[in-house]
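Chain naming here is simple, since letters A, B, ... match the order of the sequence lines and numbering starts at 1 in each.
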Amino acid sequence: MFFKRLIILMACLSCIGLLYRTESVSRWLEHFIFPQENPLTNQVADDGTEITGQFHMTDLETRRKRRYGTTYLVCDYMKKTLDTTHVKNGEPLILLPPNDYLRKIGNSFTLAEPAEIYYHCGLKTVWTNNPNVDKVNWAFVVNGKDKVAFVPITSKEQLQQILNLYKDYKPSL
Amino acid sequence: MNFLGLLSLLICHFVVGRGLIALFKLRMRPIYTFCVSMICGVALASFIPFLLELFHADITATSVGSALAVLSVIFLVPLLLDMKNLKMPQISDIKVPAIYELPFYIIFGFLMFLSVWRCYYYPSNARDMLSGPEVMAELAIKEKHIINSLFTVDLYSTNNYLKPPYITSLQIIYKLFVQPTGQLWLSVLVVNFLIMIFTIMKEKLHPAIAYLIMLFFFSMPEVFGYTYLMLFDYSNMIFFFLGFYFITRNLISKETNDFYFAVFMFSIATYVRTETLILVGMVLPLLLFYYLKEKLPATKIAIRTALLLVFPFIIYYLCMNIFVKHYIPVKYDVSSDVNKNLGNVGAFFTRLYDIQDKLIFSENGVAYYGYFIYLFLIILAVDIAFFRKFSKEAIVALYAVVMVYVGLAFIGYLLPLADLMHTTKRGMFKMFPPMLFYMCNSAFLMKVSDIIRNWEYSLPADKTQRPPVAKPAATAPKKAK
């Protein structure tokens, strides 16, 4: 019986080999099971082997940074900026540029929606079509491809100028 | 990570689930009892923070922990009363795996480990979560309520806060007692479901065949991805399949309790994704067909029909007409999402066509689901061409596959927001366990299994050790009265 089972084993191994050599499965293995880069954030895995690299970095902050990438960094930047700046008119309310506008100017990243930003850093943001848009006191201003600045809004004229820039774009993800 | 918290929750899930099985008086092999208990335990725990919110109680570690403890004690009673039927697995039940099983154990073990690890390691990243259940759960822990300051944020670009509170509740529990990113409840469901489905497959097919088919199932990139990416669809698939599984048991064993348990499972599936209610309604023709064929009394048929529809509807009503309508502080009318042009049935047929054109027979289809669907179709074609012998299990499984296919197209037609490349693509998951279930009841694969088994054990052709087709896979032999 052992010999027969060895034959079955060889047949199984051949089938496994055949399946894993098919285009779809080998692509899946390469990109998602043994990725050279994190399949979720497209960052290069720390030492080429995803799990062993992760074993050494299990603190929550690192996991969040690795998972959320740019979004998390942008939220962190906003939070740190506001923590060190005195905000007039009470709670900060931040204007987000429409992502279509960011895409139009060739930005390599887009911004998350208000609910997600609130989740990451507890800051309230609004799209340009929000009824409370006149209450914003901070804004993301785009200064060209991949150049965004986080600036305080000091006057209604300044806000209007920014809104005019975005007026042809509908808020979207 | 709080291992003690995780262990306590696992024990709670088991006690609650096992108590529920005792209440339903279900008799199954220990391995099925364990897996179904864990799955049901997770499902019932998911009602705790939801109910606390419905009663305007604070959601804290103390209130949630106490509620879980009370739930465990309540379900411990039927469990203790059922002690005489408590069947512990015996050491003699554990079989040494044959040498050809080892490569599969290594592969499946590694993939399961990877899935659990990623579920633990990566915080939730799906957009549907970060603008809905995940953020609601995170804020609920800080603000003690599911209805919290999220609703003061600009929600123009999302409606994910309208989803049923299934994930929100489980995230609250696991964030409070296990780790700040929660999520590991998904691994509890996935591991138990996969162990169960492995056992079902192995019961009728030769292990080599069963494992090879499972390998196709595992290597569906999209499905495997959702074993660690927290979303509604994998859970929905599990509960929906279990509903069908117990319907099959009911149709074979005629045990009414199997039917009641199936209704419970369909209700949970509806709780996870409310549009499942439509699919549950579509189960009815199958049941009516068999009940009429068996000449069941009209009153019994009427009662069962009512139960099948009423319980999932109650859950739907609780989520959509009570929670969403009266608790969520954003006005939402379900009818606003319904197709305004229902007279144009072309949309239904377009979606039917698109499913097979874009999600199955396309490059995308292979990228999403690997070769699993093709394998199923080949086996079905061989069965039709050469065997033309379909057991009741096989018929129910085929019905489930067709029903999900048609049902998803109907949902897409009824609710235009249910788009092809997201909702339908992930809704397709519900087809795959019935496909597996069909394959383990396929006349062709059974024949091949018999040939291999007879050759392996040098048995004459008529000494096949496989259980007969017409008996339920997981039903323990009944005690003689």
Heavy-atom donor-acceptor pair, R63(A) side chain to Y122(B) backbone, under 3.5 Å: no
F110(B) versus chain A, the contacting section by heavy-atom distance below 4.5 Å: side chain
Side chain, backbone, both or neither of E101(B) within contact of chain A (heavy atoms, under 4.5 Å): neither
Non-hydrogen side-chain atoms of Y121(B) and M57(A) separated by less than 4.5 Å: yes
Heavy-atom closest contact (S124(B) atom, Y68(A) atom, distance): O-OH, 2.6 Å
Heavy-atom side-chain proximity of I7(A) to W455(B) below 4.5 angstrom: yes
Partner chain B: residue of I117(A), L29(A), L9(A) with the largest heavy-atom pair count (under 4.5 Å): L9(A)
Which atoms of L215(B) approach chain A - backbone, side chain, both or neither, heavy atom under 4.5 Å: both
Atom group of L13(A) that falls short of 4.5 Å from chain B, counting heavy atoms: side chain
Choice from R27(A), E23(A), R64(A), E113(A) maximising heavy atom contacts with chain B below 4.5 Å: E113(A)
Under 4.5 Å from a heavy atom of chain A, the part of Y161(B) involved: neither
Residue among T58(A), I16(A), V25(A) with most heavy-atom pairs under 4.5 Å to chain B: I16(A)
Evaluation steps, side-chain contact (heavy atoms from CB on, under 4.5 Å), between Y20(A) and I107(B): CA-CA 12 Å; Y20(A) 282 162; I107(B) 292 171; 3.7 Å; yes
Best-contacting candidate, P123(B), A98(B), A208(B), against chain A by heavy atom pairs under 4.5 angstrom: P123(B)
Under the side chain to side chain donor-acceptor pair (under 3.5 Å) test, residues paired with K104(A) that sit two or more places apart: none
side-chain contact (heavy atoms from CB on, under 4.5 Å) between F224(B) and F32(A), worked out: CA-CA 10 Å; F224(B) 182 74; F32(A) 292 96; over 6 Å; no
side-chain contact (heavy atoms from CB on, under 4.5 Å) evaluation trace for C12(A) with Y211(B): CA-CA 9 Å; C12(A) 288; Y211(B) 287 147; over 6 Å; no
Residues E456(B) and R5(A) bridged, charged N to O under 4.0 Å: yes
Portion of F3(A) that has a non-hydrogen atom of chain B nearer than 4.5 angstrom: neither
Heavy-atom check, side chain of S157(B) versus side chain of P114(A), under 4.5 Å: yes
Check: S131(B) and Y119(A) side chains under 4.5 Å, non-hydrogen atoms: no
Gap separating the CG atom of D154(B) from the OH atom of Y118(A), nearest 0.5 angstrom: 13.0 Å
Closest-packed option against chain A by number of heavy-atom pairs under 4.5 Å, given S458(B), G370(B), S219(B): S219(B)
Choice from E138(B), E363(B), M220(B) maximising heavy atom contacts with chain A below 4.5 Å: E138(B)
More than 12 heavy atoms of other groups within 6.0 Å of M421(B) CE: yes
Region of I8(A) that comes under 4.5 Å of a non-hydrogen atom in chain B: both
Which residues share a side chain to side chain donor-acceptor pair (under 3.5 Å) with D100(A), sequence neighbours left out: R103(A), S172(A)
Members of residues 160-169 of chain A whose heavy atoms come closer than 4.5 Å to chain B: none
pair P171(A)-Y156(B): side-chain heavy atoms closer than 4.5 Å: yes
Part of I209(B) lying under 4.5 Å from any heavy atom of chain A: neither
Distance-minimising heavy-atom pair for I33(A) and R118(B): O-NH2, 3.8 Å
Interface residues of residues 122-129 of chain A facing chain B - non-hydrogen atoms under 4.5 Å apart: K124(A), T125(A), V126(A), W127(A), N129(A)
Chain A contact via L150(B) - side chain, backbone, both or neither, heavy atoms under 4.5 Å: both
Structural part of Y369(B) lying under 4.5 Å from a heavy atom of chain A: neither
Trace of the side-chain contact (heavy atoms from CB on, under 4.5 Å) decision for K4(A) with Y100(B): CA-CA 10 Å; K4(A) 285 178 179 176; Y100(B) 53 76; over 6 Å; no
S24(A) (side chain) donor-acceptor with V366(B) (main chain) under 3.5 angstrom: yes
Chain B contact via F55(A) - which portion, at a heavy-atom distance below 4.5 Å: both
Interchain contact, L19(A) with chain B, by part (heavy-atom threshold 4.5 Å): side chain
